[in-house]
Engineer: 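Okay, here's the structure, questions in a sec.
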Amino acid sequence: MIPNAYRSLHCNAVRPEHIGQTVTLCGWVNSARDHGGVIFIDLRDREGLTQVVFRPEENAALAEQSHTLRDEDVIQVIGKVAARLTGTENAKLGTGEVEIVATELKVLNKSEVLPFHLDREMSNEDLRMKYRYLDLRRERMNKNIRTRHKITTAARNYLDATGFIEVETPILSNPTPEGARDFLVPARLSPGKFFALPQAPQQYKQLLMVAGLERYFQIARCFRDEDLRADRQPEFTQIDIEASFIEQNDIIQLVEGLLASMFKAGQGVDIPTSFQRITYQHAMDVYGSDKPDTRYGLEIVDMADVFANSGFKIFRTILEGGGVVRAINAKGFAGITTGQMIRLNELAIQAGMKVKQLAFIKVERNAEGVLEYKSPLWKFFGEDEQKALIAKLGVEENDIVFFYAGTWDDACNILGKVRLEIASMQKLTEGSTALNFLWVVDFPLLAYSPEDQSWVAVHHPFTRPKAEDVPLLNAGEYGKVRAEAYDVVLNGYELGGGSIRIHESDLQAKMFSVLGVTPEEQELKFSHILEAFKFGAPPHGGLALGLDRIAMLVSGEESIREVIAFPKNNKACDLMTDSPTNVDFKSLRELYVQSTWKEKKKEDAEAPAA
RNA sequence: GGAGCGGUAGCUCAAUUGGUUAGAGCGCCAGCCUGUCACGUUGGAGGUUGCGGGUUCAAGUCCCGUCCGUUCCGCCA
């Protein structure tokens, strides 16, 4: 801290070495302990606390003044640093061996009583958001905001050191044809036209590669007008990266180093700089998710070989029809409650399960000490099947095995969700400090959308197909084409993702046509990028990391709201500033915009009862 | 758009099967208190139980509607 007229030290900096010195401190009254005679004030600034003592026998007028201090008053104190009386040291404070014997007190600003306690956790989110500036005074929030600063700085430093150049791209840009809903901004000088806020600087960063920048990054604010979640806000921040003359492996190594520097800065931990890599296919098969949490097992096991010739007709028929039979062994979860079972089934039904109940086998020892396989379907299995099943799943006493038989898509989706819910019910990650980073690679390039009755890009339309799969693309086997795309995952959270891009205009045009973008639309919406690719676009690729999620995980929080200074609530409103807000007719008219929104009519209270 | 959980004093929560004047801790205000650090202590103020309707002799509690918060599903290239 640079001393100035307001203060000579931060509160937390006062140490025994200062004993005898006169210091000036500023801050907030954290607590005032008035003993009638002597008064203690804990003075707080952003760095910490120092105890200030006022004694009537030394300065009666000053002591009298100190009686009027209330919590959160902003004050300046001049005083002499003294050792605390023997036996009154406070080991809980960094400054607990010393105190300031005040000689001058200036009240810089009185505070009204706060609407909530700063030193206690709150459950009233409304109130926290309305008084966010007070919420941020709390130690936890102060720490979160500063941790975010540290990891952002670490990222900047790392990327600068590895040759990346920070470039700002436009916030006012064009709507994205596919993907999330855009926030629109009316363009007054182009009547009737609109800008959109960027969902990501995707096209700009690729054009910077065409521009020959070779290595670009940006701490980029992005906007998506979709419904919110604990880890999704309408505006959020990405560490956006793009580089030329690189391959997937180069990006992966770069990002491993980048994340290591960020976790080092934020948490002080050294994470391994070579993460496990698994294919999308493997992730879906074994975890039923493309962002698997590998802090626990509960792996999904394919049971096709066990049931291929099963006497249990349902399983056999599904297998013969090209479906799958898969199982999860929840170790030690035979004590599942009825309520938990109901919840699992509800979850599975919501995820697309066609039957009412998940098939299961529960293994418990009965009163006679004999192992019992309690299950609606155990009796349908032959003895060999039973043995094979037990061996394959490692079934033991107190386990419960859940089955799903159906299409591969449904099995992944349903068992993936069941797996997460069981882990939550069994509290498998409680108290865990594990950081399970991994890469998911070889994503499919395209997925068929039954709603749109067309193929859509799994990542985005600029993603490069794997070279060896291009023949499949040309042959129209769209579902089998894999992409040069990769996601980085931590403990079940997608931290970021990216791809090697298409840099040839003919391949890009081919991709657009597969996606059902007509030549006219291509010309209208993408002519700039298609044209740019004709002028010597280098091979390039990149990735974007969700800074908010990383900050959340580094801080051990469960919502990104806790690491964003001024977040929006569930309805995308800011309760502090009461935004969004109505605008008057004149403002709208200037923009050539008219609202069609009508307030719902109140129910006719006057109407006679029917 | 759908589902779950929640809404009681400024804050955090309690209130049995529907039954007395809706309580506690913290905070606040006032008094006392010269070594506390979540100071102590005595007293006091503070409530449209989110809102509207209904059932009932009686509703914080049951029913219907609605609003708000939150979590999840849908959605998020």
Engineer: Between B:C73, B:G27, B:U71, spot the one nearest the side chain of A:Q350, thanks.
Structural biologist: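 Shortest atom-to-atom distance from the side chain points to B:C73.
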
Engineer: Between B:C37, B:C28, B:G1, which one does the side chain of A:L93 approach most closely?
Structural biologist: B:C37

Engineer: Taking the C1' atom in each of B:U17 and B:C62, what is the distance between them to the nearest angstrom?
Structural biologist: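 Their C1' atoms lie roughly 12 Å apart.
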
Engineer: Examine the side chains of A:D293 and A:Y287 and answer whether a donor and an acceptor come within less than 3.5 Å of each other.
Structural biologist: no

Engineer: For A:K130, does the NZ atom sit with more than 12 other heavy atoms under 6.0 Å from it, leaving out its own atoms?
Structural biologist: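 For A:K130, atom NZ is not crowded (no more than 12 foreign heavy atoms under 6.0 Å).
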
Engineer: Which of residues 563-575 of chain A sit near RNA chain B, with a heavy atom under 4.0 Å from it?
Structural biologist: A:N569, A:N570, A:K571

Engineer: To the nearest angstrom, how far is A:I560 atom CD1 from B:U70 atom P?
Structural biologist: 13 Å

Engineer: With a non-hydrogen cut-off below 4.0 angstrom, is A:E421 in contact with a base, only sugar-phosphate, or nothing?
Structural biologist: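 No contact.
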
Engineer: Going by an N to O cut-off under 4.0 Å, is there a salt bridge joining A:D442 and A:K466?
Structural biologist: yes

Engineer: B:C39 and B:C26: how far apart are their C1' atoms, nearest whole angstrom?
Structural biologist: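 Nearest-Å result for B:C39 against B:C26 at atom C1': 14 Å.
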
Engineer: At 4.0 Å (heavy atoms only), tell me whether A:R84 reaches a base, stays on the sugar-phosphate, or touches nothing.
Structural biologist: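 Base contact - A:R84 has a heavy atom under 4.0 Å of at least one base atom.
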
Engineer: Considering only the C1' atoms, how many Å lie between B:C5 and B:G10, rounded to the nearest integer?
Structural biologist: 25 Å

Engineer: May I have the step-by-step check of ring-ring contact (aromatic ring centres under 6.0 Å, His included) for A:F54 and A:H67, ending in yes or no?
Structural biologist: CA-CA 9 Å; A:F54 296 86; A:H67 285 286; 9.1 Å; no

Engineer: Between B:G23 and B:U48, how far apart are the two P atoms, rounded to whole Å?
Structural biologist: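 Comparing P positions in B:G23 and B:U48 gives a spacing of 15 Å.
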
Engineer: Give a yes/no answer on whether the side chain of A:K130 brings an N or O atom under 4.0 Å of OP1 or OP2 in B:C68.
Structural biologist: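 Checking B:C68 against A:K130, no side-chain N or O comes under 4.0 Å of OP1 or OP2.
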
Engineer: Checking base pairs now: Watson-Crick or wobble, both atom distances under 3.5 Å. What partners B:G65?
Structural biologist: B:C51

Engineer: Heavy-atom count around A:E558 CD within 6.0 Å, excluding the residue itself: above 12?
Structural biologist: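 Incorrect, the count does not exceed 12.
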
Engineer: Using the ring-ring contact (aromatic ring centres under 6.0 Å, His included) criterion, which residues pair with A:F402? Sequence neighbours excluded.
Structural biologist: none

Engineer: Within the supplied structure, the quantity of interest is the number of heavy atoms (other residues, nucleotides, ligands) at a distance under 6.0 Å from A:K510 NZ; does it exceed 12?
Structural biologist: yes

Engineer: Would you measure the distance from the C1' atom in B:U20 across to the matching atom in B:C57 and give it in whole Å?
Structural biologist: 15 Å

Engineer: Hey, is the side chain of A:K92 poking within less than 4.0 Å of OP1 or OP2 on B:A38, counting only N and O atoms?
Structural biologist: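 For B:A38, OP1 or OP2 has a side-chain N or O of A:K92 closer than 4.0 Å.
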
Engineer: Give me the distance, rounded to whole Å, that separates B:A9 from B:G25 when you measure between the C1' atoms they each carry.
Structural biologist: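 Roughly 12 Å separates the two C1' atoms.
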
Engineer: Would you kindly give the CD1-to-P distance between A:I39 and B:U36, to the nearest whole Å?
Structural biologist: 15 Å

Engineer: Tell me whether A:W439 at atom CH2 has more than 12 heavy atoms from other residues, nucleotides or ligands lying less than 6.0 Å away.
Structural biologist: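 Correct, the count exceeds 12.
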
Engineer: Taking atom types as they are modelled, would you say the side chain of A:R224 forms a donor-acceptor pair with the base of B:C76 within the 3.5 Å cutoff?
Structural biologist: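 No, no donor-acceptor pair under 3.5 Å.
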
Engineer: Report, one pair per line, the protein and nucleotides 4-12 of chain B atoms (nitrogen or oxygen only) whose separation is under 3.5 Å.
Structural biologist:
from	atom 1	to	atom 2	distance (Å)
B:G10	O2'	A:P115	O	2.6
B:G10	N2	A:H117	NE2	3.0
B:U12	OP1	A:S123	N	3.2
B:U12	OP1	A:S123	OG	3.1
B:U12	OP1	A:N124	N	3.0

Engineer: To the nearest angstrom, how far is A:R128 atom CZ from B:U70 atom P?
Structural biologist: 10 Å

Engineer: Heavy atoms within less than 4.0 Å of RNA chain B: which residues of residues 56-73 of chain A have one? Give them sorted by number.
Structural biologist: A:E57, A:R70

Engineer: Could you tell me whether the side chain of A:D182 and the main chain of A:T176 form a donor-acceptor pair under 3.5 Å?
Structural biologist: yes

Engineer: Which base sits across from B:G19 as a Watson-Crick or G-U pair, both distances under 3.5 Å?
Structural biologist: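 Pairing partner, where one exists within any strand: B:C57.
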
Engineer: Once ring-ring contact (aromatic ring centres under 6.0 Å, His included) is applied, do any residues pair with A:Y204, and if so which ones, sequence neighbours excluded?
Structural biologist: none

Engineer: Tell me what A:D126 touches on the nucleic acid: a base, only sugar-phosphate, or nothing, going by heavy atoms under 4.0 Å.
Structural biologist: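 Touches sugar-phosphate only.
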
Engineer: Expressed in angstrom and rounded to an integer, what is the separation of A:M129 atom CE from B:C68 atom C1'?
Structural biologist: 14 Å

Engineer: So does A:E562 pair up with A:R128, basic N to acidic O under 4.0 Å?
Structural biologist: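 Counted as a salt bridge, because a side-chain N and a carboxylate O are separated by less than 4.0 Å.
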
Engineer: Between B:U70 atom P and A:R232 atom CZ, what is the distance in whole Å?
Structural biologist: 14 Å

Engineer: CZ of A:R181 versus P of B:G74: gap in Å, rounded?
Structural biologist: 15 Å

Engineer: Between A:D135 (side chain) and A:Y131 (backbone), is there a donor-acceptor pair under 3.5 Å?
Structural biologist: no

Engineer: If I pick the C1' atom on B:A15 and the same atom on B:A3, what distance separates them, to the nearest angstrom?
Structural biologist: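 Comparing C1' positions in B:A3 and B:A15 gives a spacing of 29 Å.
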
Engineer: Starting at atom CG of A:L347, determine the distance to atom P of B:C73, rounded to an integer number of angstrom.
Structural biologist: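 To the nearest whole Å, that distance equals 9 Å.
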
Engineer: Does a side-chain heavy-atom distance below 4.5 Å link A:R549 with A:F236?
Structural biologist: no

Engineer: Out of A:Q426, A:Q340, A:R343, which residue meets the side chain to side chain donor-acceptor pair (under 3.5 Å) rule with A:E421?
Structural biologist: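 Between A:E421 and the candidates, side chain to side chain donor-acceptor pair (under 3.5 Å) is satisfied uniquely by A:R343.
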
Engineer: Return whichever of A:N413 or A:E558 has its heavy-atom-nearest nucleotide of RNA chain B closer to the 5' end.
Structural biologist: A:E558

Engineer: Is a side-chain donor or acceptor of A:T95 paired with a backbone partner of A:L49 at a separation under 3.5 angstrom?
Structural biologist: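 Checked: pair present.
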
Engineer: Under 4.0 Å between any heavy atoms, over every strand shown, what does A:R229 touch: base, sugar-phosphate, or nothing? Just pick one.
Structural biologist: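 The answer is base, as A:R229 lies within the cut-off (heavy atoms under 4.0 Å) of a base atom.
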
Engineer: Write down the distance separating the C1' atoms in B:A58 and B:C51, rounded off to the nearest Å.
Structural biologist: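 Comparing C1' positions in B:A58 and B:C51 gives a spacing of 22 Å.
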
Engineer: So A:F443 and A:Y280, would you call those rings parallel, tilted or perpendicular, with 30° and 60° as cut-offs?
Structural biologist: tilted

Engineer: Assign A:R561 to base, sugar-phosphate, or nothing according to its heavy-atom contacts below 4.0 angstrom with the strands shown.
Structural biologist: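 Sugar-phosphate only.
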
Engineer: Which is it for A:H503 and A:M209 under the side-chain contact (heavy atoms from CB on, under 4.5 Å) test, yes or no, and what are the steps along the way?
Structural biologist: CA-CA 10 Å; A:H503 60 271; A:M209 295 303 103; over 6 Å; no

Engineer: My understanding is that a pair needs two contacts under 3.5 Å, Watson-Crick or G-U wobble. By that rule, which nucleotide pairs with B:G74?
Structural biologist: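 Base-paired to nothing in any strand shown.
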
Engineer: Partner of B:G27 by Watson-Crick or G-U wobble geometry, both contacts under 3.5 Å, or none?
Structural biologist: none

Engineer: Taking CG from A:D231 and P from B:C75, how many angstroms apart are they, rounded to a whole number?
Structural biologist: 16 Å

Engineer: Give every pair of a protein N or O atom and an N or O atom of nucleotides 39-46 of chain B that lie under 3.5 Å apart, one pair per line with the distance.
Structural biologist:
from	atom 1	to	atom 2	distance (Å)
B:C39	N3	A:H35	ND1	3.4
B:C39	N4	A:D34	O	2.4

